[in-house]
Amino acid sequence: MSITDTTLAEAEILLAQPRGFCAGVDRAIEIVERAIKLHGSPIYVRHEIVHNAYVVEDLRKKGAIFIEQLEEVPAGNTVIFSAHGVSKAVRTEAESRGLRVYDATCPLVTKVHIEVAKMRADGFDIVMIGHKGHPEVEGTMGQAGEGMHLIEDIEDVQALALPDPERIAFVTQTTLSVDDAAEIIAALKAKYPAIREPKKQDICYATQNRQDAVKFMAPQCDVVIVVGSPNSSNSNRLREVAEKRGIPSYMVDSPTQIDPKWIEGKRRIGVTAGASAPEALAQAVIARLHELGVRNVRALEGIEENIAFPLPRGLGLPA
Ligand code: 0CM
Ligand code: SF4
C-alpha cells in the first residue's frame with residue numbers, strides 16, 4: 001500500500017447539513033411530473049425547470065420538452081414556467097396564445113415579484129441586486145415596465161443616478177452570496193439613506209442555510225466538493241464560500257468529474273450540494289470517493305429544514 005493509500009484510508013468525508021433540494025425545487029419537479037401524468041407527454045417547460053443537468057435529463061426522458069421561447073410551444077399545448085419565474089410579458093404572451101400554464105415559479109421568487117409590483121405602484125424606483133442574464137433576474141426585472149435598475153456589485157452602486165433618492169427601494173435575487181449582498185446593500189444605504197428594504201430579506205432560506213452550512217464545514221476541511229450544475233447560481237455561491245475561506249473547492253455535475261488529484265494527501269473532504277442537485281448525485285459522489293479509497297463518512301450537524309410549498313391549483317390532488 002502506498003503512502004497516499006494509507007492517508008486516504010484514514011481520511012473522512014464530511015457531509016454538510018443542510019444540502020441539496022429545497023422546497024421550491026421539490027415543488028417545481030413535482031409540478032412537471034404531475035402535469036405529464038395528468039395531460040400525457042409532451043409537456044413543454046420554459047427554461048430548465050431547475051438548473052441541474054441530471055434533473056432536466058430525467059424529466060426529458062419522462063416526456064418534458066425544454067424550450068426557451070414560448071413561440072416554440074405549439075398552439076393548444078401546456079407550458080410550465082421554471083422555478084426561476086418569468087416576466088409579465090412572458091405571462092401575457094402565454095395567455096394571449098391560449099396555452100395552458102402551470103407556474104412552477106418558487107413562491108419565494110413570487111414574493112419578490114409582489115414586492116416589486118407594490119413598490120412600483122407606490123411610485124418607487126427599484127434597484128435590483130442580481131446577476132445579469134440570470135432568468136430569475138430577467139423575470140423580476142420584467143415585473144415592471146420601467147423604473148427598474150439592475151446592479152451587480154459595489155461599482156454599480158457608485159454609478160447609479162436615480163431620479164428621486166427619497167423614493168427608492170431595493171430587492172435582490174434569491175440565490176446571491178449572503179456576504180457579497182450585505183456589502184452591496186451597505187453601499188446602497190450609505191449612498192441612499194432613505195432606501196426602502198424588503199421586510200424580510202429576499203435571499204431565500206435555502207440559500208442562507210446552505211451557505212451557513214459551508215461556513216461551518218469548510219474550516220474543518222482540506223478540500224470541498226460541491227455538487228451542482230455550472231449554471232446554478234446558488235451552487236456556484238457554495239463553492240465560492242469555501243474558496244473565500246482559502247479551501248480548494250470544486251463543483252461537479254457528476255462523480256465522473258472528480259479528479260483523484262483533488263483529494264491526494266487530504267484528510268478531510270467536505271461534500272455539499274446546491275438547492276437544485278439531487279441527493280442521489282451527492283451519494284454517487286460519496287461512492288466515487290469510497291472507490292478512490294476514502295472509507296469514513298461523517299454527517300455534520302445543522303439545521304433540519306421542514307418547509308414545503310403547496311402545488312398549484314389543478315395539480316394538488318394525490319398523483
Ligand atoms: O437560481 P439558481 O441558478 O440557483 O437556480 P437553481 O435552479 O440552481 O436552484 C433553484 C432555484 C431557484 C429560483
Ligand atoms: Fe425557492 Fe430558494 Fe429554492 Fe430558489 S433556492 S427554488 S428561491 S427556495
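Start at 1 and go down the list; that is how both ligands and their atoms are numbered.
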* Name all residues meeting the side-chain hydrogen bond (donor to acceptor under 3.5 Å, both in side chains) criterion together with N234; count only those two or more places apart in sequence or in a different chain, and write none if there are none. => S232

* How are the rings of Y205 and F309 set to each other: parallel, tilted or perpendicular (split at 30° and 60°)? -> perpendicular

* Asked: Which is closest to atom 5 (S) of ligand 2 by heavy-atom distance: G24, C204, A104, S235?
  -> C204

Taking only heavy atoms of [X], which atoms of ligand 2 are found under 4.0 Å from at least one of them?
{"X": "Y205", "answer": "8 (S)"}
{"X": "C106", "answer": "1 (Fe), 6 (S), 7 (S), 8 (S)"}
{"X": "T174", "answer": "7 (S)"}
{"X": "C22", "answer": "3 (Fe), 5 (S), 6 (S), 8 (S)"}

* Find out whether the Lys NZ or Arg CZ of R196 is both under 6.0 angstrom from the six-membered ring centre of F170 and within 45° of the ring's axis. => no

* Assess the side chains of T272 and R19: does a donor N or O sit below 3.5 Å from an acceptor N or O? => no

* Between Q173 and D202, do the side chains contain an N or O donor and an N or O acceptor separated by less than 3.5 Å? -> no

* Ring centroid separation for Y102 and H39, is it under 6.0 angstrom? -> yes

* Asked: Which part of A83 is near ligand 2, with near meaning a heavy atom under 4.0 Å away: side chain, backbone, both or neither?
  -> neither

* So which heavy atom on T105 is nearest to which on T110, and how close? -> CG2-OG1, 3.4 Å

* Look up atom SG in C22 and atom CG in N209, then write down how far apart they are to the nearest 0.5 Å. => 10.5 Å

Note down each nitrogen or oxygen pair, ligand 1 side and protein side, whose separation is under 3.5 Å; give only atom names and the distance to 0.1 Å.
from	atom 1	to	atom 2	distance (Å)
ligand 1	1 (O)	H134	NE2	3.1
ligand 1	1 (O)	T175	OG1	3.4
ligand 1	3 (O)	H51	ND1	2.8
ligand 1	3 (O)	H134	NE2	2.8
ligand 1	3 (O)	S233	N	2.7
ligand 1	4 (O)	S233	N	3.2
ligand 1	4 (O)	N234	N	2.8
ligand 1	4 (O)	N234	ND2	2.7
ligand 1	5 (O)	H51	ND1	3.4
ligand 1	5 (O)	H84	NE2	3.2
ligand 1	7 (O)	H51	N	2.6
ligand 1	7 (O)	H84	NE2	2.9
ligand 1	8 (O)	S232	OG	2.6
ligand 1	8 (O)	N234	ND2	3.2
ligand 1	8 (O)	S276	OG	2.7
ligand 1	9 (O)	N234	ND2	3.0

* Structure fact -> Partner of P135 under side-chain contact (heavy atoms from CB on, under 4.5 Å), picked from E68, H51, R46, is H51

